[in-house]
Structure formats: C-alpha cells, structure tokens
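What's counted below: heavy atoms across the whole structure, side chains too, no hydrogens, waters or symmetry copies. Quick note on labels: first sequence line is chain A, next is B, and so on, each numbered from 1. All values reported here derive from a predicted model rather than from experimental measurement.
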2 protein chains.
Amino acid sequence: MKGPRTRAVPAAPNPGEARRPRFRRQLPEQRRAALIAATIECLKRYGHDGLSIRTISAQAGVSVGLINHHFPNKDELVAAAFSHFNRELVDGLKAAAARAASPAARLRAFLEASFSPPNLDADVLAVWVVFWGLYRHSRPIQRVQSETYTDYVRLVRGLLADLLDKGAESGRRRGKGGGVNLRLAAIGLTALLDGLWLEWCLEPGKFRPREAVALCEGWVEALCRRAAGWNSA
Amino acid sequence: MKGPRTRAVPAAPNPGEARRPRFRRQLPEQRRAALIAATIECLKRYGHDGLSIRTISAQAGVSVGLINHHFPNKDELVAAAFSHFNRELVDGLKAAAARAASPAARLRAFLEASFSPPNLDADVLAVWVVFWGLYRHSRPIQRVQSETYTDYVRLVRGLLADLLDKGAESGRRRGKGGGVNLRLAAIGLTALLDGLWLEWCLEPGKFRPREAVALCEGWVEALCRRAAGWNSA
DNA sequence: CTCATTGTTGAACGATCGTACAACAGCAGC
DNA sequence: GCTGCTGTTGTACGATCGTTCAACAATGAG
C-alpha cells in the first residue's frame, strides 16, 4: 500500500455556470512578498503559535504546499520575514530623519518616528520578541540580525555625530566630540530608546510616547552639554 | 477496541540482584520546584523548542505523565517557571542593593549586580525573550508579569528617591525632588538598564559590562545635577 | 508483616506539525 | 484550438505535540 499517490477526481463543474479560475498564478517575487506579509500578520495575531505553515498559508489564501515551492523550508521563510521586518523599520526611521534639515531636527524626527505608529505598537513588539526568541538557535535569523542591526546603530551614531559636530563649532572643543565617547553615546541612546519602546509596548499605560521622546531628548541634551565642556569650566 | 487500557507485564526482576526502587517519591512542593528548574534549563538550552512536556520531563528525569499530576496543564507550569524566574531576579537585585549602606552605594551595587552574572547572561535573556513572546497570548503569563514588574519598578524608584532626597539635603530644593519627575526618572533608568542589558546579550562584543554601568551612572549623575538645580542658577 | 495512600509511570489518543510529491490548471506562445 | 511550462493544489506521511488514565509501586501507619 505504498504505491504512487493518486487524487480523487474533482467534482464535475456546475454546467451553465461561468467557469472562474480556482486560483491565479503570480510571479514568484510577488508570491514571496505575499507569503512574507502573511507570516508577519500571523505573528501579530497569534504570536509564536502563528508560525505554522498551515496558519500562514491560510492567512495568505493559498494551499499548504505553495510555501515549500517558494521557500526551501519554514526557517528560510521566517528569516525572510524577519529581514523584511527589519528593513522596513530601519528604512522608515532613516527616511523620517532624512526629511528634516538640521541635525537637531533630524534627531528629533527620528525619535518621534520611533515613538509613533506604526513602530510603537504592541503587535510590532510581539513580532520582534518572537524573532528574538528564535535568535539563539536559528542561523538564518542570526545572519539577518547581524546584517540589519549594524545599520541601525550606524544610523543612530550618524545622527549623534552630526549633532555633536555642529554643537562643537560653537563650543569649546572639536574632533572627538569634546571628550564624549561617540561609540558609547550611540550605544546608550540606542539602549534608552529600545528600553522605552519595550516598556511602553509591554505596559502602554505607564507613560506616554511624548514622555519617551522627552526622556531621549533630555539624554541627548546632557550629552551635548558635556561635549561643549560645561563641566570643566 | 476502545476498552480500558491495560499495560504489559513488567520484565521479571533479575533474581539475585539487589532490588532498587525505580523512582523516589517526593513531596509535591519539591517536585514542583524541580519541574520548574527543568523548564528553565530547557529554555536556556533549546529556546522555545525546549518548551515541550517531553523535553522538560526528560530534563527532570521523570515520566511525561508526572507534569500533569503536579500542574493542571503546560501553561500553568510555564507561568510558574516565569514567576520563579522573575522572583529570583528581583530578589537578587534587591538583596545586592540592601547590602550597601548609603543611597549612592546601594544604587551602584544594584547596577553592578544587573550587569554581572548570573543576570548578564545570553542564556538568561533567551529565557526572558521566550516568556515575552508568550506574553500577549497567555493570561497566566500576563498575570505574573504585572505582579512582578511593578515590584521591579518600585525597587528602582526607591533607589532613585533615596538618592535624590539625600542630595536635596545639601542642595537648593526639597520635596518633589527639585523639579525632577521621579516617576519619569525611574522609567528612564529602567529603560536604559533594560536596553543595555538586551543589547549586551544580543551582541556581547559591542561593549563591556563596566561601560554599561558607567552609562547608567552618568545618567543618574545628570539627574542628580538637575535635581540640585544647577540649570536654574 | 498487611494495608491504604498517593506519587509515579508509560502506553495510547487525537490533533497538529513540516515536508514531499503526483496531479491539476492557469496562461503565454503558437 | 492545442501545447508546454510551471505555479499551484491537496492528500499523504511520519514525527511530535499536550493530555488522559489505568496500573504500578514507594512509603508511612497499623
């Protein structure tokens, strides 16, 4: 009883009824994008339980077998979804910052974009957290993470560097930022940002997005003051 | 064929061999603790995949059925493990802070404990992250989170309050902390702390624990200066 | 020793998981 | 209309999931 698999004959098409296609073929690229979108949507709705081939294919409105036609296995689909998710976030923040003129305005726009929809959303954090949970034990996820996280830190660091350089022009020192360690400053701001983001998503009632922006700006102000050498006078 | 289940007769005990008990009975409390410890160990080793009844029971050295004898279902076991994990962390930090004398030393001890083993460990973060991934869709997890997170923030807030009060004695103002919003300050420090912790665990090579402590202390120093009213002179 | 209590076992169940694959069918080219 | 390519379907499979439950056995009480 292990012979080649057969399939039941499909029901005879209803005569007199306009024959509609049962599905539409799509270009692999479009279909891949749709499957990635469905994966993220499932993560938002059902958390880690949403990471199942059947749930995702149902969300995308396709059959179970299609996923393995476009992705070699589930891990690669999840990694592709993670990559897309990451890329959208970083690109969105980068674009928001680029729309402003001065370094200070760019940083402010970056912070406000970080603490506004669609980024500041409990669903979004839920997706992140599921990905992080896979991080330790999934090589593809690790690869994507190291690729995009570097971009993110570089963005924050660039924004800070521009701000400090401008401030230094009217300040006392120059060069390495007036004794301020730019590397540590970027790490600190990133941490404060991510921490506030995380806290807000876990308990949205504890503080307001405006307050989070204010905390970050206060931190940057203190940094600028130190860069200008206020404390050595 | 749905009659009552029977079991195969056990193999006859080897004659002449000292008969050893096949298992040892334990008090429910001890067994529960062992199962919780096994759950956390599995999470550290295998991530979310470790959250299976069979994996956990194997880790604990018991049979699959025992878990449901001590816990009504898997969710309750996981919630109990989360609660224990949370409690150990908060109690450990609280104890570390309590060992110091002055408010400043207490805060320093708290920070250093936060950025030292066993808290600063990639395995530990992996466990956290799996729990967070369950947060949105598990009522028991949410219950535990709201119970212990409040304790944590209260601890940070208390440490900050003591520090600011002491500083205010020799400062210019008193009462509400010299214009400093204690609620926001506690939120900010918690966020900075958690963010640095998260970043270090994700990419331990980017900075050193000592630098994380320094960043936090710098943040607190700036806060104290503002509380003392340096900027209104 | 006997007996009752109850912590413990492990097979069985039905559900669901990821993947494989043979057949089907949409659609462009003729 | 016909043909070929290939995107798509849906069943089947074996593995593993959480849970149940009747039987077993460790242990204290008598």
Where do N or O atoms of nucleotides 27-30 of chain C meet protein N or O atoms at under 3.5 Å, pair by pair?
none

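Distance, B:L66 CG to D:dC24 P: 18 Å, rounded to whole Å. When the C1' atom of C:dA15 is taken as reference, atom CG of B:N73 falls 17 Å away, rounded to whole Å. Rounded to whole angstrom, the span from the NE2 atom of A:H70 across to the P atom of C:dT19 amounts to 15 Å. Regarding A:D75, its CG atom lies at a distance of 10 Å from the P atom of C:dG18, rounded to whole Å. If you take CG of A:N68 and P of C:dC17, they are 14 Å apart, rounded to a whole angstrom. For B:R32 and C:dT8, the CZ to P distance is 13 Å, given to the nearest whole Å. Between B:L77 atom CG and D:dT19 atom C1' there is a gap of 14 Å when expressed in whole angstrom units. Rounded to an integer number of Å, the gap from CG of A:L35 to P of D:dG7 is 13 Å.
Closest to the side chain of B:K74, out of D:dG18, D:dT9, C:dG7, is D:dG18. In the set D:dT20, C:dA20, D:dT8, the nucleotide with an atom closest to the side chain of A:H69 is D:dT8. Checked against C:dG7, C:dT8, D:dT9, the side chain of B:R31 finds its nearest nucleotide in C:dT8. The side chain of A:R22 approaches C:dA25 more closely than any other nucleotide in the set D:dT8, C:dT9, C:dA25. Considering only the side chain of B:V64, C:dG10 comes nearest among C:dG7, D:dT9, C:dG10. Ranking D:dT8, C:dT19, C:dT8 by closeness to the B:S63 side chain, first place goes to C:dT8.
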* Could you walk me through whether A:Y152 and A:L193 pass side chain to side chain contact (heavy atoms under 4.5 Å, CB included), step by step? => CA-CA 12 Å; A:Y152 180 67; A:L193 198 74; 3.0 Å; yes

* To do: Evaluate the side chain to side chain contact (heavy atoms under 4.5 Å, CB included) criterion for residues A:N86 and A:Y149: first the C-alpha distance (whole Å), next the side-chain angles of each, then the deciding distance (0.1 Å), finally the verdict.
  => CA-CA 8 Å; A:N86 250 318; A:Y149 184 69; over 6 Å; no

* To do: Carefully, step by step, assess A:L51 and A:T39 under the rule side chain to side chain contact (heavy atoms under 4.5 Å, CB included).
  => CA-CA 7 Å; A:L51 269 187; A:T39 302; 4.0 Å; yes

* **side chain to side chain contact (heavy atoms under 4.5 Å, CB included) between B:L196 and B:F207, intermediate numbers included** => CA-CA 9 Å; B:L196 285 169; B:F207 60 95; 4.1 Å; yes

* To do: Take B:D75 and B:R139 through the test salt bridge (Lys or Arg N to Asp or Glu O under 4.0 Å) and record every step on the way to the result.
  => CA-CA 9 Å; B:D75 277 356; B:R139 291 277 170 200; over 6 Å; no

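Between A:W128 and A:W197, the ring planes lie perpendicular to each other; the angle is over 60°, past the 30° to 60° tilted range.
Atom CZ of A:R208 sits in a sparse spot, with 12 or fewer heavy atoms from other residues, nucleotides or ligands closer than 6.0 Å. Summarising the local packing, CZ of A:R108 is surrounded by 12 or fewer heavy atoms from other residues, nucleotides or ligands at distances under 6.0 Å.
Although no hydrogens or angles enter the test, the distance criterion places a donor-acceptor pair under 3.5 Å between the side chain of B:E199 and the main chain of A:A191.
The two atoms that bring B:H137 and A:R45 nearest to each other are NE2-O, 2.8 Å, heavy atoms only.
Remark: A:L51, A:S52, A:I53, A:R54 in residues 45-56 of chain A come within less than 4.0 Å of DNA chain C through at least one heavy atom.
DNA chain D is contacted by both A:I67 and B:P72; A:I67 maps to the nucleotide lying nearer its 5′ end (nearest heavy atom per residue).
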